[in-house]
Participant: 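If you scroll down you'll find the structure; I have some questions about it.
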Amino acid sequence: MAALAAAGSAPEVAALAAAGSFAGRVALVSGGGGGIGRAAALAFAREGASVAVADVDLALAEETCSLAGGAPGRAVPFRCDVAAAEEARKKRHSIAQGIE
């Protein structure tokens, strides 16, 4: 599972987190339906990011988004198996459009 913020490198992400604001940023979290991925998605939303919550189980991604409901940022669920490279490549456009 991985979380990737549009902020850029790890030091840039850490600096934004320290400043307490991901407002206006986009985060794509794979495995966002549970565990560390869910925790990362909720943390990004809490800090104001728009979060694309991707998981192979859409119901779990939707559950994560529901949990983020009161956060300053928003969370949008997507079904995506990032282990399937071709599927992930095809999904990136719909994810980008859905999070805008």
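Note that the structure is a prediction, hence the values are computed from the model and not measured.
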Participant: Please tell me if the side chains of V76 and S50 come closer than 4.5 Å, counting only heavy atoms from C-beta onward.
Facilitator: no
Participant: Taking all non-hydrogen atoms of both residues, which atom of A61 and which atom of F78 are closest, and how far apart?
Facilitator: CB-O, 4.1 Å
Participant: Between R38 and E63, is there a salt bridge with N-O shorter than 4.0 Å?
Facilitator: yes
Participant: For T64 versus G34, what's the shortest heavy-atom pair and its separation?
Facilitator: OG1-N, 4.5 Å
Participant: Given F44, which of V26, L28, V29 fulfils the side-chain contact (heavy atoms from CB on, under 4.5 Å) condition?
Facilitator: V29
Participant: Nearest 0.5 Å, what's the NZ-SG distance between K91 and C80?
Facilitator: 6.5 Å
Participant: Between CG of D81 and CG of D57, what distance do you get to the nearest 0.5 Å?
Facilitator: 11.5 Å
Participant: Quick one: NZ on K90 to CD1 on I95, what's the gap to the nearest 0.5 Å?
Facilitator: 14.0 Å
Participant: Compare all side-chain heavy atoms of V82 with those of E87 and state whether any distance is below 4.5 angstrom.
Facilitator: no
Participant: Would you compute the distance between atom CG of D55 and atom SG of C65 and round it to the nearest 0.5 angstrom?
Facilitator: 10.5 Å
